[in-house]
Each structure stands twice: as structure tokens, then as C-alpha cells.
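Before any comments, here is the structure.
Lettering of chains follows the sequences in order, A, B, ..., and the numbering in each one begins at 1.
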Number of protein chains: 2
Amino acid sequence: MSSSSPPADGDPAPVFSALGDPTRLALLSTLSDGQPRSIASLSADAGMTRQAVTKHLRVLEGAGLVSNIRVGRESRFAFAPGPVARARSYLDEVSARWDEALERLRAFVQRPD
Amino acid sequence: MSSSSPPADGDPAPVFSALGDPTRLALLSTLSDGQPRSIASLSADAGMTRQAVTKHLRVLEGAGLVSNIRVGRESRFAFAPGPVARARSYLDEVSARWDEALERLRAFVQRPD
DNA sequence: GGTTCGCGCAACCAGGAGGTTGCATTCATG
DNA sequence: CATGAATGCAACCTCCTGGTTGCGCGAACC
């Protein structure tokens, strides 16, 4: 298999790390409308160089958050929903554990029986 | 107000950035059981120095993910659920926008009528 | 009251992240 | 085929990050 395909990863830290940058978050938000865009198109809205946007897109691709296909002379990037769903479920687990702990504490503290 | 209190922040990037480290993710997972712990206690399970754990805890505190109270000679860190919920809802929005786009595409492409 | 435990502060260091510039390459197009 | 647009590659720079060590200080405890 290729060496740059981490789509089914179990560790959510790289995904969160990729999301932890305002530029990348904006790129992902733009791409989440379902329309693939070229690097030049995405660079037009960002306030930096095309090369910088390219690097951010490579990071997002490395985390599996976007996919990249070459069409003609431009490379189009598209949103990939998998890692977002996994990150969401991880946060769900953390929240659930916290809620359970709160519930246990509440049941212990107001024990009227 | 104090200069180190970003609990009600609207920008989710710092929260994701704080979550984007395996050590911090492990600390947060440990603390999500509701029990506050001291730095020394948290450092015992991590494979690094107490100072390194302290730095990570400061990062988590800066993102509002944990709260810190001094009791006696030790400082206890506790999980704070607010930012996790906000990050979760942000990912919900992204996923929702993606789902809507998919639905529009589906309705357009299989138009048998 | 001295010792030990828990912590904070500061300096220091290697490596990576984010960004720029310059140049080569590839594809579309008149 | 010559030109221009879109990209890739590489070098370079600055700053932050993650980690270490050493030391000082206040709180507990015998």
C-alpha cells in the first residue's frame, strides 16, 4: 500500500492537531460545502501565499480530512467526512464519561434514601 | 478582568490545538472521570518529567479545558466540559453542512422525474 | 525545627510549524 | 510552438513547542 494513506486511524490526536489552526479550519469550512476547489481558488480567499496554502492542504490531507485529485493542470481538494466523524465521536466519549461521573456524584451526594 | 480567562471563546482553533497532542489527550481522558488530580499524580502515569506535564496542563488550562485550584501545597486540576461541547458542536456544523451538500447533490443527480 | 514533598520559575536545547522567495515543470490555448 | 496559468520542489528564515535540568520556596509532617 502507499505510504501516505492514514484514512482509518484510531488515534484522534493528529486530526485535532490538523484542526488546530485557523487557516486550516477556514479551508475545511470552505470545502465542507461539497464543492472541490483548486489550490489557486483556495489561495485567493486566504491572506497568504499559494505555497503556504499548499502546505496547509498537505497537512489536512495527511490527517485524511481532505482528498486530492489531479484534473488537468490543477489539483482539486475535496472535503472528506470520515476523520471529522471520528473526532466527533471521540469528544462524545469524553463528554459521556464526564456525564456519567457527574451522575454518580449527584446520586451519591443527594442520597435521600 | 484577568488576562488569563478564555472560557467563553468563540474560536475553536485553540481548543483543537490543545487537543492535538497525545499527552494532553491522555491527561484530559484521565481527568474526564470527574476526579481532580494533582500534578504529581498526573505525572506518575505520564512518561515524562513533572515540568513537562505542568506545561501541558497550562496549555489545557489556557484553552479552558481544565480548571486549576490550589489546595494546600498541591494544585488540583479538574476537567472542564465547556470547550469540549463547543468543539463538538463545531464539528457538528461542519458535518451538517457536508450532509446538506450531499443531499443536494443526490437530489440533483438522480432526478428521475 | 528540620526534612521532605509538591510546586513554580528560569534557562536552555533540538526540532518542527508556518511562511516566504525563487525556479522548474506541466498542461491548456491561441 | 510560444505563452501563460497552476502547480511542485527546494532552500531559507523565524518563532513556537515539547522536553530537559537546576534551583528556590512554601506547606506538611515527624
Side-chain angles (χ1 to χ4, degrees), chain A residues 2-4 6 11-31 35-78 83, chain B residues 2-6 11-31 35-78:
Chain A
S2 81
S3 59
S4 61
D11 184 19
V15 177
F16 286 131
S17 179
L19 293 175
D21 181 281
T23 300
R24 287 195 289 267
L25 224 48
L27 287 172
L28 211 67
S29 178
T30 299
L31 288 175
Q35 183 182 13
R37 296 157 204 266
S38 70
I39 297 181
S41 165
L42 289 167
S43 301
D45 305 332
M48 70 194 70
T49 319
R50 172 183 60 88
Q51 297 298 333
V53 174
T54 300
K55 282 192 183 180
H56 283 302
L57 287 171
R58 297 302 173 197
V59 172
L60 289 173
E61 189 185 16
L65 285 161
V66 299
S67 62
N68 173 26
I69 61 167
R70 282 300 286 266
V71 42
R73 65 180 164 186
E74 62 186 14
S75 83
R76 302 238 175 91
F77 283 84
Chain B
S2 80
S3 58
S4 63
S5 54
D11 184 19
V15 177
F16 286 131
S17 179
L19 293 175
D21 182 280
T23 301
R24 287 196 290 267
L25 225 45
L27 287 171
L28 210 67
S29 178
T30 299
L31 288 175
Q35 184 183 11
R37 294 157 204 266
S38 70
I39 296 182
S41 166
L42 290 167
S43 302
D45 305 331
M48 69 194 71
T49 320
R50 171 184 59 90
Q51 298 296 333
V53 174
T54 301
K55 284 191 181 180
H56 283 302
L57 288 171
R58 297 301 174 199
V59 173
L60 289 172
E61 188 185 17
L65 285 162
V66 299
S67 62
N68 172 28
I69 60 169
R70 282 299 288 264
V71 41
R73 66 179 164 183
E74 63 187 15
S75 84
R76 302 236 174 93
F77 283 84

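Along DNA chain D, the stretch of nucleotides lying under 4.0 Å from any heavy atom of chain A spans, 5' to 3', D:dG4 to D:dC9.
Applying the side chain to side chain donor-acceptor pair (under 3.5 Å) test to A:S67 and every residue at least two apart in sequence or in another chain returns nothing. Taking the side chain to side chain donor-acceptor pair (under 3.5 Å) definition, one finds that A:Q51 meets it with nothing, sequence neighbours left out.
Applying the side chain to side chain donor-acceptor pair (under 3.5 Å) definition to pairs two or more places apart or across chains, those involving residues 35-48 of chain B are B:D33-B:R37.
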message: Apply side chain to side chain contact (heavy atoms under 4.5 Å, CB included) to residues A:L42 and A:L31 and explain how you reach the verdict.
response: CA-CA 9 Å; A:L42 289 167; A:L31 288 175; 4.2 Å; yes
- request: Give the C-alpha distance, both sets of side-chain angles, the deciding distance and a yes or no for side chain to side chain contact (heavy atoms under 4.5 Å, CB included) between A:K55 and A:R58.
  value: CA-CA 5 Å; A:K55 282 192 183 180; A:R58 297 302 173 197; 5.6 Å; no
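In this structure, A:L28 CG and A:T23 OG1 are separated by 12.5 Å, a value rounded to the nearest 0.5 Å. A:L19 CG to B:L19 CG: the interatomic distance, rounded to the nearest 0.5 Å, is 9.5 Å. The line from NE2 of B:H56 to CG of B:D21 is 4.5 Å long, rounded to the nearest 0.5 Å.
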- request: Heavy atoms under 4.0 Å is the rule here; annotate nucleotides 7-17 of chain C 5' to 3' with B where the base is hit, S where only the sugar-phosphate is, and - elsewhere.
  value: BBB--------
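Looking at B:L60, B:V59, B:L57 one by one, the single match for side chain to side chain contact (heavy atoms under 4.5 Å, CB included) with B:L65 turns out to be B:L60.
For the pair A:M48 and A:V53, the tightest heavy-atom approach, listed with the atom from each and the gap, is CG-CG2, 3.9 Å.
Taking the screw axis at each terminus of the helix from C:dG6-D:dC25 to C:dG30-D:dC1 from five consecutive base pairs, the angle between the two is 20° to within rounding of 10 degrees.
Position along DNA chain C of the nearest nucleotide to A:T23 versus A:V71 favours A:T23 as the more 5'-ward residue.
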